[in-house]
Amino acid sequence: MKDYFYYQDRQFYAEQVSLTELAQNYGTPCHVYSRAALTDGYNQFAQALQGTEHLVCYAVKANPNLAILNIFARLGAGFDIVSGGELQRVLAAGGVAQKVVFSGVGKTEAEMRLALQAGILCFNVESAAELERLNRVAGEMGKVAPISLRVNPDVDAKTHPYISTGLKQNKFGVAYGDALALYQRARDLPNLQITGIDCHIGSQLTELSPFVAAIEKILVLVDALAAAGIRLAHIDLGGGLGIRYHDETPPSIAAYVAALQGALQGRTEKLLLEPGRVLVGNAGLMLSRVEYLKHGEEKNFAILDCAMNDLMRPALYDAYHEILPLSQENHPLDTYEVVGPICETGDFIGHARELAIAPMSLLAVLSTGAYGMSMSSNYNTRPRAAEVMVDGDAVHLVRERETIAQLYAAENLLC
Ligand SMILES: *Cc1c(COP(=O)(O)O)cnc(C)c1O
């Protein structure tokens, strides 16, 4: 998907828009998304799944900007949400509740009520206690809650430990060995309706074998449920497909879907998927300006105007993001620690990067469309960056840069 961002005459472009001009018009730091890249990703799923009854539920937490949700809603997507707030975003963006699945280990009663009132497709229930609570809340509202159990298949996703979710020791889902008994309990609860099963084993997976291993275990359970008289309408295989940040070689969306379909062996239940990162990660980048170059005794530093509050992944997971100049100039090539202005040693964007830059140079930090803006904060009283959507030669400001006044508007002095 990086082809939507390219050099022409030593200038970096997003679709048909010069990113230098965009940075001058909208300021930095600034997140930039490509509508064509977003659409292409979704269409790759739709095409691969042609002929299979399916619903692609975009995982909102990867990037919840309303414009992005709206693009996916118009393409026919459903949504995977993890909070009541995300449900409200989906509805505000023109998504329909009937295509929403609700994941997460800590759903509050208020969130359950909101989702029941809206009429979502399914609650992905993650514990016995949640099952009981949901039954009670639905009963109080005179409603029946559609549910699936998120089963933990205990497979190793072979990804970063912070984003591995399908192992026994993780907090997610119900234990594989408990699932059958919990489904039988759910069948006995009057205000629940069993509609499916789901699993989500982790994020940024670059191999297919863990997905296949999870499906094989899920299917054993689906058969055991059928033998117990519990028939499911859908199988939800979660998200987690990885993208290329640096030198990873993740499978294509087509290869991923083919592997899932192979493992599913012609099952007729509707197939639900919850991709996040793979739909948005490489459809976005972040523009930043070099404030200072600082030549230290051991290392050179490029100090940018973006920081860990704008992009947390390097500090959190030691994640790699490619960094490129918006204009290829003949500045001296040097090796830099690329850092932000925040008072934390963990505030870095990249280590030991070879860059031909000067003070005030404009840069692009690539692959920031997923878990970039959505994990951003106001640490150091830094306003969140602007977000811009490029569409051909058109540019839309899809989120204004925050103002300092907004940051403390809800705070009060002692009276
Ligand atoms: C985060 C999450 C996803 C999306 O994961 P990606 O790695 O971004 O595809 C899907 N389902 C659930 C339950 C999640 O928590």
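Only heavy atoms go into these numbers, but all of them, side chains included; no hydrogens, no water, no symmetry mates.
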Examine Arg113 relative to Phe102 and say whether NZ or CZ is less than 6.0 Å from the centre of the six-membered ring and inside a 45° cone about the ring axis.
no
Quiz item: cation-pi between Lys107 and Phe123, 6.0 Å / 45°:
no
If you look at every heavy atom in [X] and [Y], which pair is closest and at what distance?
{"X": "Val151", "Y": "Ala179", "value": "CG2-CB, 4.0 Å"}
{"X": "Ala93", "Y": "Leu66", "value": "CB-O, 3.6 Å"}
{"X": "Ile404", "Y": "Pro383", "value": "CD1-CG, 3.5 Å"}
{"X": "Tyr6", "Y": "Glu15", "value": "OH-O, 2.6 Å"}
{"X": "Leu131", "Y": "Arg185", "value": "CD2-CG, 4.4 Å"}
{"X": "Thr20", "Y": "Gln11", "value": "OG1-OE1, 3.6 Å"}

Can any side-chain N or O of [X] pair as donor or acceptor with the backbone N or O of [Y] at less than 3.5 Å?
{"X": "His234", "Y": "Glu269", "value": "no"}
{"X": "Gln204", "Y": "Ile243", "value": "yes"}
{"X": "Arg150", "Y": "Ser103", "value": "no"}
{"X": "Glu126", "Y": "Gly104", "value": "yes"}
{"X": "Asn25", "Y": "Leu22", "value": "no"}
{"X": "Arg89", "Y": "Pro64", "value": "yes"}
{"X": "Asn63", "Y": "Gly369", "value": "yes"}
{"X": "Asp393", "Y": "Gln16", "value": "no"}
{"X": "Ser376", "Y": "Arg384", "value": "no"}
{"X": "Arg401", "Y": "Pro29", "value": "yes"}

For [X], look at atom [atom1] and say whether over 12 heavy atoms of other residues, nucleotides or ligands are found less than 6.0 Å away.
{"X": "Gln406", "atom1": "CD", "result": "yes"}
{"X": "Gln117", "atom1": "CD", "result": "no"}
{"X": "Tyr292", "atom1": "OH", "result": "no"}

Regarding [X] and [Y], does a basic nitrogen lie under 4.0 Å from an acidic carboxylate oxygen?
{"X": "Arg382", "Y": "Asp305", "result": "no"}
{"X": "Lys61", "Y": "Glu86", "result": "no"}
{"X": "Lys217", "Y": "Asp154", "result": "no"}

Can you confirm whether [X] sits close enough to [Y] that some side-chain heavy atom of one is under 4.5 Å from a side-chain heavy atom of the other?
{"X": "Arg313", "Y": "Thr368", "value": "no"}
{"X": "Val290", "Y": "Leu355", "value": "no"}
{"X": "Arg267", "Y": "Gln265", "value": "no"}
{"X": "Ile349", "Y": "Leu363", "value": "no"}
{"X": "Asp156", "Y": "Pro210", "value": "no"}
{"X": "Ile230", "Y": "Gln184", "value": "yes"}
{"X": "Thr335", "Y": "Glu354", "value": "yes"}
{"X": "Phe72", "Y": "Val280", "value": "yes"}

How long is the span from the [atom1] atom in [X] to the [atom2] atom in [Y], to the nearest 0.5 Å?
{"X": "Met112", "Y": "Ile120", "atom1": "CE", "atom2": "CD1", "answer": "10.0 Å"}
{"X": "Tyr336", "Y": "Lys299", "atom1": "OH", "atom2": "NZ", "answer": "15.0 Å"}
{"X": "Tyr183", "Y": "Ile197", "atom1": "OH", "atom2": "CD1", "answer": "4.0 Å"}
{"X": "Leu38", "Y": "Leu69", "atom1": "CG", "atom2": "CG", "answer": "10.5 Å"}
{"X": "Leu287", "Y": "Leu304", "atom1": "CG", "atom2": "CG", "answer": "11.5 Å"}
{"X": "Tyr379", "Y": "Asp347", "atom1": "OH", "atom2": "CG", "answer": "9.0 Å"}

Just checking, any donor-acceptor pair under 3.5 angstrom between side chains of [X] and [Y]?
{"X": "Asn282", "Y": "Ser367", "value": "yes"}
{"X": "Asn124", "Y": "Ser148", "value": "yes"}
{"X": "Asn309", "Y": "Ser377", "value": "no"}
{"X": "Tyr4", "Y": "Asp40", "value": "yes"}

Name the orientation class of the two ring planes belonging to [X] and [Y] (parallel below 30°, tilted from 30 to 60°, perpendicular beyond 60°).
{"X": "Phe5", "Y": "Phe12", "answer": "tilted"}
{"X": "Phe79", "Y": "Tyr58", "answer": "perpendicular"}
{"X": "Phe45", "Y": "Tyr256", "answer": "perpendicular"}

Could you go step by step and tell me if Glu337 and Phe348 meet the side chain to side chain contact (heavy atoms under 4.5 Å, CB included) rule?
CA-CA 8 Å; Glu337 291 296 296; Phe348 72 95; 5.6 Å; no
Before you tell me yes or no, could you show the steps for Asp236 and Glu274 under side chain to side chain contact (heavy atoms under 4.5 Å, CB included), namely the whole-Å CA-CA distance, both residues' side-chain angles and the distance that decides it to 0.1 Å?
CA-CA 8 Å; Asp236 178 347; Glu274 303 169 352; 2.5 Å; yes
Given Met373 and Asn65, is the side chain to side chain contact (heavy atoms under 4.5 Å, CB included) satisfied, shown in steps?
CA-CA 9 Å; Met373 188 64 177; Asn65 184 283; over 6 Å; no
Using the rule given for side chain to side chain contact (heavy atoms under 4.5 Å, CB included), can you reason through Ile215 versus Leu264, listing the C-alpha separation, both sets of side-chain angles and the distance that settles it, and then say yes or no?
CA-CA 7 Å; Ile215 292 170; Leu264 284 168; 3.9 Å; yes
Check step by step if salt bridge (Lys or Arg N to Asp or Glu O under 4.0 Å) holds for Glu109 and Arg136.
CA-CA 10 Å; Glu109 290 193 23; Arg136 177 174 52 74; 2.8 Å; yes
